[in-house]
Amino acid sequence: MDILVIEDEEALSEFIVLELTHEGYNVSAAFDGREGLELALERNWDVILLDLMLPKLNGIEVCRRLKAVKDIPIIMITARDSVMDRVLGLDSGADDYIPKPFAIEELLARIRVIMRREEKRNDLPSMLLSFKDLELNIESRLLKKGERLIELTKKEYDLLFMFMKNINRVLTREVLLEKIWGYYAEIETNVVDVYVRHLRNKLDSVDKESYIQTMRGMGYVMRE
């Protein structure tokens with residue numbers, strides 16, 4: 001398994017590389033955003049660990065440019081720990097977010113969660129999920145509303161997939177955090193509310209009921 005670490009703090013980078021190598025991973029490192037993006041585009045990495053604050057090109061921009069051409073799992077690593085920083089990182093395409101300082105055991109656990117999720121996704125057969133006039137293609141990860149294609153970020157896709165796989169079932173914020181982000185801690189449940197709002201802005205029409213209904217005190221549901 002190949003992992004790329006893009007981190008400008010050399011001591012931290014060396015520590016991560018050493019620990020991951022000890023766990024049996026093949027690890028490479030870059031120390032600024034431009035070098036990291038070049039390395040990221042050269043190979044098909046299994047996971048990329050990406051610092052948010054990087055010289056030459058920041059982590060948000062690296063993530064956006066990379067996700068535009070490759071669907072590689074990215075764990076954002078940063079000292080910035082506000083909810084909006086997390087949302088910004090995740091909305092740029094990152095799959096997970098871990099604030100500094102962190103225990104190496106937690107980072108290893110996050111990597112394992114992402115790899116299990118990727119394995120399950122790769123095992124999915126070619127199929128369509130439908131709800132009203134929405135059609136979600138699991139293989140191509142494309143969403144159509146009627147004849148119109150709607151672009152989704154990775155997290156928006158994952159969230160919509162959960163709702164469309166569980167029609168008429170109320171999903172709590174905690175369940176959505178566990179299934180989509182892979183853990184409960186570190187990210188507050190209001191991040192789910194932010195992404196539901198993003199989806200509603202893309203899906204809903206002004207004169208019609210929202211596709212995703214709020215169940216007060218419970219969570220959210222797509223209900224026929």
Peer 1: Rounded to the nearest 0.5 Å, what's the gap from NZ on K145 to OG on S205? Could you check?
Peer 2: 3.0 Å
Peer 1: Using a strict threshold of under 4.0 Å (side-chain N to carboxylate O), is an ion pair present between R34 and E38?
Peer 2: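 Looking at E38 and R34, the cut-off is not met.
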Peer 1: Say you draw a straight line from CG of L20 to CD1 of I104; how long is it, rounded to the nearest 0.5 Å?
Peer 2: 5.5 Å
Peer 1: Closer than 3.5 angstrom, by distance alone: can the side chain of K144 be matched with the main-chain N or O of L136 as a donor-acceptor pair?
Peer 2: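 No; zero donor-acceptor contacts below 3.5 Å.
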Peer 1: What residue pairs, at least two apart or across chains, pass side chain to side chain donor-acceptor pair (under 3.5 Å) with a residue in residues 3-31?
Peer 2: D2-N26, E7-K100, E9-K100
Peer 1: Kindly indicate whether the side chain of E178, heavy atoms from C-beta on, has any atom under 4.5 Å from the side chain of E174.
Peer 2: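 A side-chain contact under 4.5 Å is absent here.
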Peer 1: Mark yes when over 12 heavy atoms from residues, nucleotides or ligands other than K56 sit less than 6.0 Å from its NZ; otherwise mark no.
Peer 2: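 Counting other residues, nucleotides and ligands, NZ of K56 stays at 12 neighbours or fewer.
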Peer 1: Counting only N and O atoms by type, is there a donor-acceptor contact under 3.5 Å from the side chain of D95 to the main-chain atoms of I74?
Peer 2: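 A pair under 3.5 Å: yes.
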Peer 1: For the backbone of D193 and the side chain of N190, can you confirm whether one donor and one acceptor N or O come within less than 3.5 Å of each other?
Peer 2: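 No, because the side chain of N190 does not come within donor-acceptor range (under 3.5 Å) of the backbone of D193.
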Peer 1: Grab the two heavy atoms, one from E135 and one from S130, that are nearest each other, plus how far apart they are.
Peer 2: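 So the minimum-distance heavy-atom pair works out to CG-OG, 4.2 Å.
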Peer 1: Check whether any side-chain heavy atom of L160 lies under 4.5 Å from a side-chain heavy atom of M222, and answer yes or no.
Peer 2: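 When only atoms from C-beta onward are counted, M222 and L160 do touch, with a gap below 4.5 Å.
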Peer 1: Looking only at heavy atoms, which two atoms of L176 and L171 are closest? And how far apart?
Peer 2: CD2-CD1, 3.8 Å
Peer 1: Keeping the roles fixed (side chain from S210, backbone from I212), state whether a donor-acceptor pair exists under 3.5 Å.
Peer 2: yes
Peer 1: Output the distance between atom CZ (F161) and atom NZ (K179), rounded to the nearest 0.5 Å.
Peer 2: 11.0 Å
Peer 1: Does Y211 offer a backbone N or O that forms a donor-acceptor pair with the side chain of R200 under 3.5 Å?
Peer 2: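 No.
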Peer 1: Taking the side chain as every heavy atom from C-beta outward, state whether I72 and V47 have any atom pair closer than 4.5 Å.
Peer 2: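 No - every pair of side-chain heavy atoms lies 4.5 Å or more apart.
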Peer 1: Grouping I, L, V, M, F, W and Y whenever their side-chain heavy atoms are under 4.5 Å apart, do M215 and V175 come out in a common cluster?
Peer 2: no
Peer 1: Flag the pair L4 / L50 as yes when at least one side-chain heavy-atom distance between them is below 4.5 Å, and no otherwise.
Peer 2: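 They are not in contact (no side-chain heavy atoms under 4.5 Å apart), so the answer is no.
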Peer 1: With a 4.5 Å heavy-atom cut-off, do I48 and W45 have their side chains touching?
Peer 2: yes
Peer 1: Using side-chain heavy atoms (C-beta onward) and a distance below 4.5 Å, is D32 in contact with L54?
Peer 2: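 Heavy-atom side-chain distance check fails, nothing below 4.5 Å.
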Peer 1: D46 versus M115: any side-chain heavy-atom pair under 4.5 Å?
Peer 2: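 The answer is yes, as the side chains (C-beta and beyond) meet within the 4.5 Å cut-off.
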Peer 1: Would the distance check show the side chain of K155 and the main-chain N or O of G93 forming a donor-acceptor pair, the cut-off being under 3.5 Å?
Peer 2: no
Peer 1: About how many Å separate CD1 of I111 and CD1 of I75, when rounded to the nearest 0.5 Å?
Peer 2: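 Atom-to-atom, I75:CD1 and I111:CD1 are 5.0 Å apart.
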Peer 1: I'd like to know if K208 pairs up with D204 as an ion pair, taking the criterion as any Lys NZ or Arg NE/NH1/NH2 lying under 4.0 Å from an Asp or Glu carboxylate oxygen.
Peer 2: no
Peer 1: Under a 4.0 Å N-O cut-off, is there an ion pair linking K154 with D71?
Peer 2: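 D71 and K154: not salt-bridged.
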Peer 1: Going by the angle between their ring planes, with limits at 30° and 60°, are Y195 and H198 parallel, tilted or perpendicular?
Peer 2: perpendicular
Peer 1: May I ask you to say whether R148 pairs ionically with D133, meaning some side-chain N is under 4.0 Å from a carboxylate O?
Peer 2: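 Salt bridge flag = no for D133 with R148.
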Peer 1: Quick one: CG on L199 to OG1 on T153, what's the gap to the nearest 0.5 Å?
Peer 2: 7.5 Å
Peer 1: Would you find more than 12 non-hydrogen atoms of other residues, nucleotides or ligands less than 6.0 Å from M218 atom CE?
Peer 2: no
Peer 1: Are the side chains of I98 and M76 in touch, meaning some heavy atoms are under 4.5 Å apart?
Peer 2: no
Peer 1: Taking atom CZ of R173 and atom CG of L177, what is their separation to the nearest 0.5 Å?
Peer 2: 10.0 Å
Peer 1: Compare every heavy atom of A30 with every heavy atom of L39, then report the nearest pair and how far apart it is.
Peer 2: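 Looking at all heavy atoms of both residues, the closest pair is CD1-CB, 3.8 Å.
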Peer 1: Got a donor-acceptor contact below 3.5 angstrom from the E35 side chain to the F31 backbone?
Peer 2: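 Side chain of E35 to backbone of F31: a pair is present.
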